[in-house]
Amino acid sequence: MSEELSSSPHEVAVLLLSLGEKGAAQVFKHLSSREVRQISQTMANMPPMKRDEVQNVMNHFFHEYRYEVGIAGGTRNYLEKSLKIAMGDKDAKNLMDSIYGEENTSSLEMMKWMEPSAVAELIVNEHPQLQAVVLTYLEPGQAALVLQRLPERCHEDLLTRIAKLKELHPSIVQELNVIFDDSVGLISTSQNTSVSGLRQVADIMNRMNESSVSHMLEHFKEQDSDLADRIEQQMFVFEHFSRLDEDTIRKIIEEIPQNTLSLALKGASEPISSKFINTMTRREAKYLQDDMDSLGTVRSSQVQQARQEILNTARTLSQNGQIELNLSDEDEMIE
């Protein structure tokens with residue numbers, strides 16, 4: 001639990017109930033998935049509180065807190081509105097369903113609220129195809145962390161399996177029910193469920209370092225060149241910076257320390273270096289070139305780390321709607 005709030009989920013729940021829906025939503029945005037689930041569960045089960053009970057909690061947080069009335073327990077409507085503001089309709093519904101025990105709550109949806117290490121421990125000894133199904137349903141960032149915690153020798157096979165997944169057959173669902181019945185919950189479906197394994201692999205690989213991406217793409221090209229091409233078309237890697245427009249590059253540069261950019265461009269291809277340099281003023285470009293020249297010999301791992309930082313920055317800007325990672329070549333546009 002975040003130290004800024006409290007070590008007690010009960011006290012945090014009292015605080016959020018006193019803040020109102022919008023205030024609670026703002027706090028939820030700064031908590032991990034595990035913390036949101038733990039506190040939401042506490043709020044959902046909390047009975048109406050007396051004024052002196054609330055006062056004790058407020059004194060703990062703020063030392064001096066004046067108010068006129070006590071607060072009611074966490075109603076389902078209050079929780080639902082707060083979570084929707086903080087997380088969006090879909091994720092809020094999944095969490096609400098898991099808290100209030102909806103019959104159709106999916107085990108795979110429930111796992112989105114688990115720590116990556118816990119998910120990895122749950123599936124590590126299962127069949128690779130079942131592991132692939134789980135990794136396909138997790139959010140890309142969480143799936144990448146779970147993959148890191150599974151044996152490295154299995155990564156290539158798992159990503160290949162994920163990339164080829166297009167639908168989930170009810171028989172696979174039944175196997176998942178057997179595995180997760182006691183640990184998570186049941187999945188309820190009698191129809192094939194469509195999934196986008198190819199998109200998921202691209203998103204997972206977007207979160208890997210440059211050397212790992214190169215290795216994985218080489219593996220895919222050796223096994224299935226067509227599949228490798230389709231994955232690469234949906235990815236955004238460092239080489240693709242050369243095909244972004246100048247306005248996008250300029251916004252990315254504004255968010256990056258110059259020493260990081262200098263290191264990332266060390267040994268980069270001419271099209272990539274030119275794209276960044278030509279976007280700058282002459283003075284900025286000269287400073288950048290001087291920094292690169294002064295670096296001398298650097299380790300490949302340092303360059304890769306700097307490039308990864310720039311990629312992460314670009315993806316964050318894209319997710320926030322500040323830029324679009326659309327390539328200049330319309331035939332290879334990133335979705």
Side-chain angles (χ1 to χ4, degrees), residues 140-141 144 159 163 198-199 201-222 225-335:
L159 288 176
L198 192 68
R199 176 72 263 173
V201 168
D203 286 340
I204 290 174
M205 289 178 63
N206 274 338
R207 289 161 173 79
M208 295 180 174
N209 60 50
E210 190 178 9
S211 60
S212 296
V213 169
S214 297
H215 174 76
M216 287 296 177
L217 286 176
E218 279 300 316
H219 166 75
F220 283 123
K221 287 175 181 177
E222 290 176 2
S225 60
D226 179 62
L227 180 64
D229 289 341
R230 285 186 285 139
I231 291 173
E232 194 167 11
Q233 285 174 10
Q234 297 199 52
M235 291 181 63
F236 186 85
V237 295
F238 193 73
E239 287 72 18
H240 290 159
F241 279 119
S242 64
R243 288 153 54 195
L244 294 178
D245 62 70
E246 289 190 359
D247 286 341
T248 300
I249 292 291
R250 189 175 295 108
K251 290 178 182 178
I252 294 171
I253 290 175
E254 291 173 356
E255 302 294 326
I256 303 168
Q258 181 161 305
N259 61 331
T260 300
L261 183 57
S262 301
L263 195 55
L265 294 180
K266 189 75 173 178
S269 65
E270 194 278 332
I272 296 176
S273 298
S274 296
K275 175 63 73 171
F276 282 93
I277 291 173
N278 293 339
T279 303
M280 300 176 174
T281 64
R282 289 186 180 181
R283 188 175 184 179
E284 291 171 337
K286 184 179 185 304
Y287 285 150
L288 177 64
Q289 191 62 58
D290 289 345
D291 280 350
M292 292 173 62
D293 293 340
S294 66
L295 286 173
T297 303
V298 295
R299 294 182 178 179
S300 174
S301 59
Q302 293 176 291
V303 174
Q304 290 177 9
Q305 182 178 353
R307 292 178 180 180
Q308 190 63 45
E309 288 182 28
I310 296 176
L311 282 167
N312 292 341
T313 297
R315 291 168 188 147
T316 299
L317 291 173
S318 177
Q319 290 168 4
N320 294 338
Q322 295 175 258
I323 64 172
E324 291 186 6
L325 295 181
N326 289 335
L327 305 182
S328 298
D329 183 352
E330 295 182 356
D331 290 334
E332 294 189 42
M333 184 173 289
I334 303 294
E335 294 182 355

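Values reported hereafter were calculated over all heavy atoms of this structure, with side chains retained and with hydrogens, waters and symmetry mates removed.
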Determine the minimum heavy-atom distance between [X] and [Y], stating which atoms define it.
X	Y	answer
Leu265	Ser273	O-OG, 4.1 Å
Glu246	Asn278	OE2-O, 4.4 Å
Met205	Met216	CE-CB, 3.5 Å
Ile323	Ala314	CD1-O, 3.5 Å

Does the [X] side chain pair with the main chain of [Y], one donor and one acceptor, at a distance under 3.5 Å?
X	Y	result
Gln302	Arg299	yes
Lys266	Met292	yes
Ser274	Glu270	yes
Lys275	Asp245	no

**Message:** Going by the rule side chain to side chain donor-acceptor pair (under 3.5 Å), which residues pair with Gln304 if we only count those two or more places apart in sequence or in a different chain?
**Reply:** Ser211, Ser300

**Request:** Not counting sequence neighbours, which residues clear side chain to side chain donor-acceptor pair (under 3.5 Å) with Ser294? List them please.
**Result:** none

**Item:** Distance-only polar pair, side chains of Asp291 and Gln258, donor-acceptor under 3.5 Å
**Value:** yes

**Message:** What I want to find out is whether Asp290 reaches Lys286 closely enough, with some N-O distance under 4.0 Å, to be called a salt bridge.
**Reply:** yes

How far does [atom1] of [X] sit from [atom2] of [Y], to the nearest 0.5 angstrom?
X	Y	atom1	atom2	value
Leu217	Glu222	CG	CD	11.5 Å
Leu288	Ser262	CG	OG	4.5 Å
Ile231	Leu227	CD1	CG	4.0 Å
Ile310	Ile252	CD1	CD1	8.5 Å

**Asked** Between Asp247 and Lys251, is a salt bridge (charged side-chain N to carboxylate O under 4.0 Å, His left out) present by the stated rule, with each step listed?
**Response** CA-CA 6 Å; Asp247 286 341; Lys251 290 178 182 178; over 6 Å; no

Partners meeting side chain to side chain contact (heavy atoms under 4.5 Å, CB included) with [X] (sequence neighbours left out):
X	answer
Ser212	Met208, Asn209
Ala306	Thr260, Leu263, Ala264
Asn312	Gln308, Arg315

**Asked** Which ring pair (Phe, Tyr, Trp, His ring centres under 6.0 Å) pairs, counting each pair once, include a residue from residues 266-324, with sequence neighbours left out?
**Response** Phe241-Phe276

Find out whether [X] and [Y] are in side-chain contact, i.e. whether some heavy atom of one side chain is under 4.5 Å from a heavy atom of the other.
X	Y	answer
Thr248	Leu317	no
Arg207	Pro140	yes
Gln289	Ile277	yes
His215	Phe220	no

**Item:** Test log, rule side-chain contact (heavy atoms from CB on, under 4.5 Å), inputs Glu309 and Ile256
**Value:** CA-CA 8 Å; Glu309 288 182 28; Ile256 303 168; over 6 Å; no

**Request:** For Gln305, look at atom CD and say whether over 12 heavy atoms of other residues, nucleotides or ligands are found less than 6.0 Å away.
**Result:** no

**Message:** Under the criterion side-chain contact (heavy atoms from CB on, under 4.5 Å), I'd like the reasoning laid out for Val213 against Met235: C-alpha separation, chi angles, the key distance, then a yes or no.
**Reply:** CA-CA 10 Å; Val213 169; Met235 291 181 63; 3.7 Å; yes

